[in-house]
Amino acid sequence: MTRNDDIRVRYAPSPTGKQHIGGARTALFNWAYARRHGGKFLLRIEDTDEGRSTREYETAILEGLAWLGLDWDEGPDIGGPHGPYRQSERYARYTEMAQLLEAKGAAYRCFCTTERLDQLREAQEKNKEKPAYDGKCRDLQPAERATRLAAGEPAVLRFKVPAGATSFTDLIRGEVVFQNKEVDDWVMVRADGTPIYNFAVVCDDVDMRITHVLRGEEHLTNTPKQILLYQALGLAFPTFGHLPLMLGTDGKKLSKRTGDTALQDYRDKGYPKKAIVNFLCLQGWALDGKTEVFGIDELVRNFDPTQVSKAGAVFDLDKFRWLAGEYLRKEPLEELFEHCAPYLVASGRVGREELVTRRAWLLQALALEKDRLHIYSELPERLTWAFAEDRAVVYSEAALINVRKQTDWKGTLSAYLEWLRPKLSDRVAKDALRDATKAWVAERKLKMPALFQPLRCALTGEAGGPDLFDSIELIGAERALVRLETALVRMA
RNA sequence: GGCCCCAUCGUCUAGCCAGGCCUAGGACACCAGGUUUUCAUCCUGGCGACAGGGGUUCGAAUCCCCUUGGGGUCACCA
């Protein structure tokens, strides 16, 4: 592992909503980069949109990242040498920087009203011109500017984009060049004195000594604006790396239209966290091209931003579900039970106190279904048969079809029931019963399905499921007998 | 529409930067077998891609150009 104490990266979420799954990947990659090189990973809250930012979202975002297994060296909750780490607490600093830039002539006051700007944009769109600020206030005479300011006329601060071109070497994309004339004289500070994103970001990245900026590709066009600002300040800009977007099945930026977009959504659905981390790693990055299942430690040992894919990655729920199953099945039973328990309660099939009083039974049930689970929330549904009313087991169509395939299934089942009844009363052990049953079938020169299909349907109503003797053991001899007896008249 | 980015199986990707080892590898999904009392797991096999066209070169998935296609972005949001 190479060590570079100077590396400082950050993840800067905006607390205007739940943690986006794509942002979680950005955070993960930044974190891994810092950890791999012994650098620092920091968190900064970008809450300059006061109308939409809330402290609740901020707390939830931090909690979500921590849950994933990330930790940070500096942040709003723990502070650090370059704080505060909440933009809303850094306004004095932005004002200072704004004044500096204005004094340098790198920025200017603009008195244009929202109405004029709207009209301008409308006209430009009508004439099929690119919508951009026309520079009306760019060369205002100092005297006029001072007069209007003194009169209290509202004014924003715009960045004065110089002529020329701006280029940088993106860690992922290589050389990227923008002609400055394509860059608008963008607003840095609102009329009310609060900073705009592109301005605040640069101030903070400068103050926080950020060396590498790994962020989503949607920020690519912000980069020249930010670089120009560093240059106006006479500072070197950090290394940028723009991660490929995470796409929905429609090929567009992941949105609620095509699926869940929040980290919390997947957490709520019961995806194992290690599976989430692993899956996120696979979106745009590969360990070695062959290994699909690997942990966060492998990411840290191997993550290299220059190896990240350039093309967007479609979020493949099928693969995610498969990966979830891989991790779920690796969990020790007790641990898995803790993870599934909330869903059992939520389903209404198990009372909160039963989690304790019937723990042994529930654990046994979980053990039976474990192989069929992918995510925690699937357990209640999978256990429908075990919770069923014994006289009203619901027979699925698939199970019934399997039953009808067997000639004289009713005769077989009723004969088997008579044979079975005393053995259940005598509490014959599960394994012995299984062996004896197979012998019973063989003696009658029947195929196994001739008995097992009707038996399965009668006992569980389903076409698939755990071993039948394990199932009988779970629900108990008495309940099993009731199910078999009623099946003789109900199953058809 | 302007600008920017991108382009290998349906999907995630390896290979590309340092051309030959690529009759393009792995994984998910799908299909077919095997195992099983069934389902799931597991095992085996199959299907399936270098967007198109020009170059450069002895040789191109790999380098260059064009076309086409897709995406992102164009706020006193972040």
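A note on names: the letters A, B, ... follow the listed sequences, proteins ahead of strands, and every chain is numbered from 1.
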| said: What is the separation between atom NE2 on A:H20 and atom P on B:A78, rounded to the nearest whole Å? | reply: 18 Å
| task | Name the nucleic acid region contacted by A:A311, choosing base, sugar-phosphate or nothing; use a 4.0 angstrom heavy-atom cut-off, strictly under. | result | sugar-phosphate
| said: Taking side-chain contact (heavy atoms from CB on, under 4.5 Å) as the definition, give me every residue that meets it alongside A:E378, ordered by chain and number, with sequence neighbours left out. | reply: A:R321, A:L373, A:H374, A:I375
| Is the A:F178 ring parallel, tilted or perpendicular to the A:F168 ring (thresholds 30°, 60°)? | parallel
| query | Just checking A:R173: base, sugar-phosphate only, or nothing, at a heavy-atom cut-off of under 4.0 Å? | reply | sugar-phosphate
| message | Under 4.0 Å, heavy atoms only, any strand: does A:F178 hit a base, just the sugar-phosphate, or nothing? | response | sugar-phosphate
| query | Reckon A:L468 touches a base, only the sugar-phosphate, or nothing at all at heavy-atom distances under 4.0 Å? | reply | base
| said: Applying the Watson-Crick and G-U wobble criteria at under 3.5 Å, what pairs with B:C39? Answer none if nothing qualifies. | reply: none
| said: Once you apply a heavy-atom cut-off of 4.0 Å, does A:Q283 come out as touching a base, just sugar-phosphate, or nothing? | reply: sugar-phosphate
| said: Just to be sure I understand the rule, does A:T221 reach a base, reach only the sugar-phosphate, or reach nothing, if contact means heavy atoms closer than 4.0 Å? | reply: base
| query | Between atom NZ of A:K181 and atom NZ of A:K130, what is the distance when rounded to the nearest 0.5 Å? | reply | 6.5 Å
| said: Could you check whether the side chain of A:N222 and the base of B:A78 have a donor-acceptor pair of N or O atoms closer than 3.5 Å, going by distance alone? | reply: yes
| query | Which part of the nucleic acid, if any, lies within contact of A:C112, taking any heavy atom under 4.0 Å across all strands shown: a base, the sugar-phosphate backbone alone, or nothing? | reply | base
| How would you label the contact of A:V201 with the nucleic acid (heavy atoms, under 4.0 Å): base, sugar-phosphate, or nothing? | nothing
